[in-house]
Asks: 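Attaching a single structure in structure tokens format; questions to follow.
The first residue of the sequence shown is numbered 1, and numbering continues consecutively from there. Quick caveat, the model's predicted, so the values are computed rather than measured.
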Amino acid sequence: MKALGFPKAHRLLRPADYSKVFNDVQLKVSHRNFLILATPNPFGHARIGLVFSKKHLKLAVQRNRVKRQVRETFRRQRELPAVDIVVLGRQGLADLDNASLQAILNELWRRLRKKYRQSSPPQAAESQPAGRGTG
């Protein structure tokens, strides 16, 4: 159970962490109910921050439930790249049940991994020196 924890090292804690993501968005994954923004980080693992407003989720109970579901699905992701992620809530979240939230979020995490792989250059191309051939 310890391996599935959610330590502080995996969270965006300071306003500067959030600002870095908002000011330098390199990956964006969108859904009718969520927007995920991400930017690479040097920590070797993903970190997450959550933004859910009263405008879209009126009751604290609703905001807390959605945040719990986001954290739970994030915690279970084993192959997320080293990025700082901000998850923003959009309208309609209060109407979704937990199973729907989890299905949507798992799909968004999958799409984030795919976009990251597509946006990063292949490692083999970086390791070969540029220049003229010997022939």
Asks: How does the hydrophobic cluster around Tyr18 look, that is, which other residues are in it when side-chain heavy atoms under 4.5 Å mark a link?
Replies: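 Besides Tyr18, the cluster holds Leu12, Val21, Phe22, Val25, Leu35, Leu37, Val51, Val86, Leu88.
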Asks: Which residues satisfy the ring-ring contact (aromatic ring centres under 6.0 Å, His included) test with Phe52, sequence neighbours excluded?
Replies: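 Checked Phe52 against ring-ring contact (aromatic ring centres under 6.0 Å, His included); zero matches.
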Asks: Between Trp109 and Val29, is there a side-chain heavy-atom distance shorter than 4.5 Å?
Replies: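 Of all side-chain heavy-atom pairs linking Trp109 with Val29, none is under 4.5 Å.
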Asks: For residues Gly89 and Leu93, report the shortest heavy-atom separation together with the two atoms involved.
Replies: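 Looking at all heavy atoms of both residues, the shortest contact is CA-CD1, 3.6 Å.
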Asks: Mark yes or no for whether Asn33, through its side chain, and Arg90, through its backbone, hold a donor-acceptor pair below 3.5 Å.
Replies: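 Answer holds: no.
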Asks: Output every pair passing side-chain hydrogen bond (donor to acceptor under 3.5 Å, both in side chains) with a member in residues 49-67, not counting sequence neighbours, ordered by first then second residue.
Replies: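 Qualifying pairs, neighbours excluded: Arg65-Asn98.
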Asks: If every non-hydrogen atom of Ser119 is compared with every non-hydrogen atom of Leu27, which pair is closest and at what distance?
Replies: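 Heavy atoms only, the tightest pair is OG-CD2, 3.7 Å.
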Asks: Tell me every residue that passes ring-ring contact (aromatic ring centres under 6.0 Å, His included) with His45, counting only those two or more places apart in sequence or in another chain.
Replies: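 Testing His45 for ring-ring contact (aromatic ring centres under 6.0 Å, His included), a comparison that skips the adjacent residues, returns His10.
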Asks: Kindly give the heavy-atom pair with the smallest separation between Pro81 and Ala46, and that separation in Å.
Replies: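 The pair with the smallest heavy-atom distance is O-CB, 3.4 Å.
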Asks: In the structure I gave you, are the side-chain heavy atoms of His31 and Glu107 within less than 4.5 Å of one another anywhere?
Replies: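 No, every pair of side-chain atoms sits at 4.5 Å or beyond.
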Asks: Given side chains that start at C-beta, do those of Tyr116 and Leu80 come closer than 4.5 Å, heavy atoms only?
Replies: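 No, every pair of side-chain atoms sits at 4.5 Å or beyond.
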Asks: Measure the CZ-CD distance between Arg76 and Glu72 for me, rounded to the nearest 0.5 Å.
Replies: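 Arg76 CZ to Glu72 CD: 4.5 Å, rounded to 0.5 Å.
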Asks: Side chain to side chain contact (heavy atoms under 4.5 Å, CB included) for Leu112 and Lys115? Distances and angles first, verdict last.
Replies: CA-CA 5 Å; Leu112 179 68; Lys115 273 194 173 187; 5.5 Å; no
Asks: With rounding to the nearest 0.5 angstrom, report the CD to CG distance, Gln77 to Leu105.
Replies: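 Result: 9.0 Å between the selected atoms.
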Asks: What are the two closest heavy atoms between Thr39 and Asp24, and how far apart are they?
Replies: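 Distance-wise, the nearest heavy atoms are OG1-O, 3.0 Å.
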Asks: Can you give me the closest heavy-atom contact between Arg75 and Arg78, atom names plus distance?
Replies: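 Nearest pair, atom of Arg75 first, then Arg78: O-NH1, 4.2 Å.
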Asks: Look up atom CG in Leu101 and atom CG in Leu96, then write down how far apart they are to the nearest 0.5 Å.
Replies: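 It is 5.0 Å, given to the nearest 0.5 Å.
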Asks: Test: salt bridge (charged side-chain N to carboxylate O under 4.0 Å, His left out). Region: residues 29-40. Which pairs qualify, not counting sequence neighbours?
Replies: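 Residue pairs with at least one partner in residues 29-40: there are none.
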Asks: If I take atom CD from residue Gln118 and atom CZ from residue Arg113, how far apart are they, to the nearest 0.5 angstrom?
Replies: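 It is 13.0 Å, given to the nearest 0.5 Å.
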Asks: Run the side chain to side chain contact (heavy atoms under 4.5 Å, CB included) check on Val70 and Ile48 step by step: do they pass?
Replies: CA-CA 10 Å; Val70 173; Ile48 190 170; 3.9 Å; yes
Asks: Which pairs pass salt bridge (charged side-chain N to carboxylate O under 4.0 Å, His left out) with one or both residues in residues 8-21, sequence neighbours excluded?
Replies: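 Output for this query lists Arg14-Asp17, Asp17-Arg47.
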